[in-house]
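As structure tokens, the structure follows; a few thoughts come after it.
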Amino acid sequence: MKIWKKLKFPAQEFNLENTLVNGQCFNWRKIGDHHYEGVFSKYYVQVKRDNDAYVQYSTIPPNENPEKEQLFEDQFKSYLNYDANIPELYEHWAQKDKRFSQIAEPIHGVRCLRQDPWECTVSFICSQCNNIKRITQLLETLRKTVSQIVALNQQSQFGSEICEIDQDDGTRRKIYQFPTVEQLQTATEKQLRELMFGYRAKYLVAISKQIVDKGGQNWLESLRGQPNEKIREELTSLPGIGSKVADCIALFSLDCANSIPVDTHVFQIALKLGYVKGLKKDSSLNNKLYLQIVQAFRDKFGDKAGWAHQIMFAGDLKSFQEKISNSNSANTSAQNSKKRKIDEIKDQEEEKEEEEIKVQDVDTKRETRSKRRKLN
DNA sequence: TGTTGACCTGACCA
DNA sequence: GTGGTCAGGTCAA
């Protein structure tokens, strides 16, 4: 029998789907309408929303006394950045960018999570040249298998099993917590390759060892509160972590709300919206351009630009495109009228900017034609 | 200093 | 059925 706890959390401030499966984390799975399951800390957690004011959650194991319950709630609230006023931030960002104002409603209630830095590190190393579905699968495999690897390598007799849960088909499913740095350190490259981690296997093995040498989980957590540049420098000194992965770890787990991970999606956004003057679709994403795009997002969205970036990023994902187009076509004429007035003002401001993009597009096309001719 | 190709795997599409 | 391409990058030459 599950015990459900209520947490006051209006829907505009926290949308489960838009937050838990938008590509910032890979430990949640949809199991029903507005209902998700996941592994958080040492708990199997289900979270659901059945009214606009509250979300409800249950944990396995349950917390047997009020102190433990309070401790879990505090931990969960911290994970959800509970104190951040998301609607206020949305309003601010929507005033700064027309595209943001278009996606704000369909992708409402996105919260940037404050994840565990180790799990976040492993997750984004796995994200290299990979898609969300497969990253999620790889991390699930890692949780399931690592306790067997630990036992096999005789480093520890303790696994990391949390519980067994009943499934609809009558079978039972074991749930495991995420392996610690020390546990993953016991795995070999060969073992991880067999689990289909591919070339990322060698990074995971090397990085586990180096982080353990630096002080393990405590070292990673000690990076919280350090200057952004220092965090970047420390993380990129580790094998398999470049600028993009370092910025993901900083943004999603180390309290750097203005970190901007520039990947192919963010590059496309910067290109389409003309954030960087002279940016072309075949521009090579070198370090200089990377930092220009970062600066452009910071200039536009301010000190929590990383959080705004995550919403813009989600807006570029295929899984969110349908939501956006449905929402746009369902807008009532009254809404449209109000929106039109706001848009008119923005249009005037951005008209100049868009002219520049058109010029860039023409340049790009001209260049492509020229290249093609040369090839022919 | 900037550019390029190798690196694992699986889904998708023609 | 098969081969090409791409997917939230990094690294070394």
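Note on naming: letters A, B, ... go to the chains in the order of the sequence lines (proteins, then strands), and numbering restarts at 1 for each one. Heavy-atom basis, side chains included; hydrogens, waters and symmetry copies ignored. Computed from a predicted structure; not experimentally measured.
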Nearest-Å distance, [atom1] ([X]) to [atom2] ([N])?
X: A:Ile293; N: C:dG9; atom1: CD1; atom2: P; result: 13 Å
X: A:Leu138; N: B:dA11; atom1: CG; atom2: C1'; result: 14 Å
X: A:Leu192; N: B:dT9; atom1: CG; atom2: C1'; result: 15 Å
X: A:Gln128; N: C:dA12; atom1: CD; atom2: P; result: 13 Å
X: A:Gln137; N: B:dA11; atom1: CD; atom2: C1'; result: 10 Å
X: A:Lys318; N: B:dA11; atom1: NZ; atom2: C1'; result: 10 Å
X: A:Asp282; N: B:dT3; atom1: CG; atom2: P; result: 11 Å
X: A:Gln210; N: C:dT10; atom1: CD; atom2: P; result: 16 Å

What is the nucleic acid contact for [X], judged by heavy atoms within less than 4.0 Å: base, sugar-phosphate only, or nothing?
X: A:Ile132; value: base
X: A:Gln310; value: nothing
X: A:Phe197; value: nothing
X: A:Ile269; value: nothing
X: A:Asn22; value: base
X: A:Pro261; value: nothing

Give the minimum heavy-atom separation between [X] and [Y], together with the two atoms involved.
X: A:Gln226; Y: A:Lys230; result: OE1-CG, 3.7 Å
X: A:Phe267; Y: A:Val262; result: N-CG1, 4.4 Å
X: A:Ile86; Y: A:Arg111; result: CG1-NH1, 3.2 Å

Worksheet item: Now, which nucleotide makes the Watson-Crick or G-U wobble pair with B:dC8, with each of the two distances under 3.5 Å?
Response: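 Checking every strand shown, B:dC8 finds no partner, since no pair has both distances under 3.5 Å.
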
Worksheet item: Do A:Lys5 and A:Asn63 have a side chain donor and acceptor closer than 3.5 Å?
Response: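 No - no donor-acceptor pair under 3.5 Å links their side chains.
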
Worksheet item: Does the side chain of A:Tyr79 pick up a donor-acceptor pair with the side chain of A:Gln115 at under 3.5 Å?
Response: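 Absent: no donor and acceptor within the cut-off.
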
Worksheet item: Any ion pair linking A:Glu189 and A:Lys202 (charged N to carboxylate O, less than 4.0 Å)?
Response: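 Judged by the 4.0 Å cut-off on N to carboxylate O distance, A:Lys202 and A:Glu189 do not form a salt bridge.
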
Discussion item. Could you check whether A:Asp166 pairs with A:Arg173 (Lys NZ or Arg NE/NH1/NH2 to Asp/Glu carboxylate O, under 4.0 Å)?
Written reply: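 A salt bridge is absent here (no side-chain N lies under 4.0 Å from a carboxylate O).
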
OP1 or OP2 of [N] versus the side-chain N and O atoms of [X]: is any pair under 4.0 Å?
X: A:Asn286; N: B:dT3; answer: yes
X: A:Arg134; N: C:dA7; answer: no
X: A:Ser284; N: B:dT3; answer: yes

In whole angstrom, give me the gap between the [atom1] atoms of [N] and [M].
N: B:dA6; M: C:dG4; atom1: P; result: 15 Å
N: C:dT5; M: B:dG5; atom1: P; result: 14 Å
N: C:dT10; M: B:dG10; atom1: P; result: 22 Å

Worksheet item: Between A:Trp307 and A:Lys304, is there a cation-pi geometry (under 6.0 Å to ring centre, at most 45° from the normal)?
Response: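 Yes, a cation-pi geometry.
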
Worksheet item: In residues 199-209 of chain A, what residues come within less than 4.0 Å of DNA chain B, judged by heavy atoms?
Response: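 Close to the strand are A:Tyr199, A:Arg200.
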
Discussion item. Let me spell it out: for each of A:Lys288 and A:Lys133, pick the nucleotide of DNA chain B with the closest heavy atom. Which residue's pick is nearer the 5' end?
Written reply: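 Its nearest nucleotide being more 5', the pick is A:Lys288.
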
Worksheet item: 5'-most contact on DNA chain C: A:Gln24 or A:Ile241, nearest heavy atom basis?
Response: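 This one resolves to A:Gln24.
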
